[in-house]
Amino acid sequence: MEFGFAKRFAAAGVLAAAVAGAWAQDVVIGQTGSVTNPLVASLTREYSAGIQLALERANAAGGVKGRKLKLAFRDDGFDAAKTTALVDEMVESDRIVALVGVMGTQPVMRLADDKVLEKHQLASFGPLTGLQSALSRPNVFPVRGSYEDEVRAMLAHSARLGRGKVLYLYYEAGVGPQLAKLVPAMAKDAGVVLTGIVGFPVTPQKSEQQAAVRKALDTPAPPPESVILLAIGPVHSEAVKAVRARYGLGMPVYSLGQVNPAALIGDVGAETARGVMLSQVMPMPGNAGMQVTRDFEADRRKFAAAAPASYIVLEGYICGRIVVEMLRRAKTLTAPAVLQAAEQAGVVDVGGFRVDYGQQGRRSVNPIELTMLSRSGTLIR
């Protein structure tokens with residue numbers, strides 16, 4: 001989804017290939033993602049918008065240590081093989097002092113496997129992945145909860161509803177296969193019975209995707225009482241159509257909060273999307289009970305009124321706020337000093353949203369919430 005806020009930053013150079021030498025005195029943080037790959041284009045735009053909003057807030061207050069903050073971006077096409085070289089490039093040409101919002105599990109794992117973060121003494125804040133094995137890699141400082149936590153919340157909710165027969169449906173891409181291996185143990189802990197763990201391929205053509213999911217669902221199995229669906233982007237939308245066609249509009253469907261509700265409704269229609277439940281690792285935008293959501297709404301209106309008040313923009317904003325805090329705590333505005341500040345941070349509280357970067361493991365310490373798409377297309381708790 002393209003919106004004016006993202007266009008404005010693209011035009012200003014946020015999504016440009018490099019930060020010009022004229023900004024040599026600015027403090028630059030780097031992000032990799034993709035606005036060209038349809039699987040993550042919407043997520044990347046919104047997450048980047050949230051990060052930039054946090055930087056705008058900091059710059060309006062004088063920056064950090066008297067220096068302006070800038071975001072450098074590289075489009076890796078959602079191809080992990082390209083991510084490491086692009087990070088090397090940002091270190092060399094942009095002099096980035098930290099990474100923020102790396103998009104996707106495979107890029108995060110590739111950076112770890114190639115020891116890129118360690119080589120450059122870079123901290124990577126708030127990567128957009130929830131796989132615990134990725135979030136626990138060296139120099140990674142998560143902001144969101146794990147996919148495992150989200151799936152556990154879905155299973156527990158289905159059990160509380162008395163729907164103890166669950167189908168786990170996942171796309172055979174990204175984190176899909178890895179997370180599927182963990183589901184049996186989580187289902188056992190939740191006291192539910194899995195009617196199947198079914199994978200489906202991502203097809204080259206969108207027009208073929210729904211048929212591929214329906215074929216996977218034709219495997220003989222006991223009928224489920226709810227479906228947990230792991231996929232993102234247009235692939236997720238086509239899978240929702242297939243699930244509704246196979247089991248009817250009344251079947252409870254759970255999905256990860258990375259799904260863009262507006263895009264889903266645009267793809268499948270309000271009636272088909274109605275009742276889809278999304279796990280959320282962030283507080284609900286507009287929640288007047290938290291300082292960070294009040295700050296977010298005030299800053300959005302002040303600096304970027306065209307940016308949607310979505311969960312993903314809010315997540316980018318919170319991530320950006322945490323990065324700004326680490327820059328303030330760093331002894332110098334260099335990559336090693338920022339990394340050291342993060343390693344010594346302990347519990348960080350941003351307006352009521354907390355992360356723990358202590359010695360017992362780095363993690364979000366916020367509850368997972370479940371929201372549901374209503375008939376009007378709004379998310380309700």
### Query
In terms of the angle between their ring planes, are H157 and Y254 parallel, tilted or perpendicular, with boundaries placed at 30° and 60°?
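If you compare the ring of H157 with that of Y254, the planes turn out perpendicular.
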### Query
Angle class for the F141/Y357 ring planes (parallel below 30°, perpendicular above 60°, tilted otherwise)?
perpendicular
### Task
Determine which pairs satisfy side chain to side chain donor-acceptor pair (under 3.5 Å) with at least one residue from residues 291-300, sequence neighbours left out, and list them in order.
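Sorted result for residues 291-300: R57-D299, Q291-R294, Q291-D295, D295-R321, E297-R300, E297-R301, D299-Y317.
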### Task
Write out all pairs satisfying side chain to side chain donor-acceptor pair (under 3.5 Å) with one or both partners inside residues 223-252, taking only residues at least two apart or from two chains.
S158-S226, H236-S255, S237-D267, E238-K241
[atom1]-[atom2] distance between [X] and [Y], expressed to the nearest 0.5 angstrom:
{"X": "Y168", "Y": "M186", "atom1": "OH", "atom2": "CE", "result": "6.5 Å"}
{"X": "D75", "Y": "T44", "atom1": "CG", "atom2": "OG1", "result": "7.5 Å"}
{"X": "Q52", "Y": "F303", "atom1": "CD", "atom2": "CZ", "result": "11.0 Å"}
{"X": "N260", "Y": "L43", "atom1": "CG", "atom2": "CG", "result": "7.0 Å"}

Do [X] and [Y] come close enough that some side-chain heavy atom pair is under 4.5 Å?
{"X": "I318", "Y": "F296", "value": "no"}
{"X": "L314", "Y": "F353", "value": "no"}
{"X": "I29", "Y": "F125", "value": "no"}

### Query
If only atom types and distance count, is the side chain of K165 paired as donor or acceptor with the main-chain N or O of V192 below 3.5 Å?
no
### Message
I'd like to know whether CD of E92 has more than 12 heavy-atom contacts from other residues, nucleotides or ligands below 6.0 angstrom.
### Response
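Open: at most 12 neighbouring heavy atoms sit under 6.0 Å from CD of E92.
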### Query
If you count the non-hydrogen atoms of other residues, nucleotides and ligands that lie under 6.0 Å from NZ in K302, is the total more than 12?
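Atom NZ in K302 is not packed in, count stays at 12 or less.
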### Check: Y47/Q258 side-chain N/O donor and acceptor closer than 3.5 Å
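Result is no, nothing qualifies.
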### Donor-acceptor side-chain pairing of Q178 and S133 below 3.5 angstrom
no
### Message
Salt bridge or not between D88 and K119? Use side-chain N to carboxylate O under 4.0 Å.
### Response
yes
### Query
What's the shortest heavy-atom distance between A221 and T195, and which atoms?
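Result for this residue pair: CB-O, 3.7 Å.
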### Task
Please list all pairs passing the salt bridge (charged side-chain N to carboxylate O under 4.0 Å, His left out) test where one or both residues lie in residues 130-153, with sequence neighbours left out.
D113-R137, R144-E150, R144-E315, D149-R152
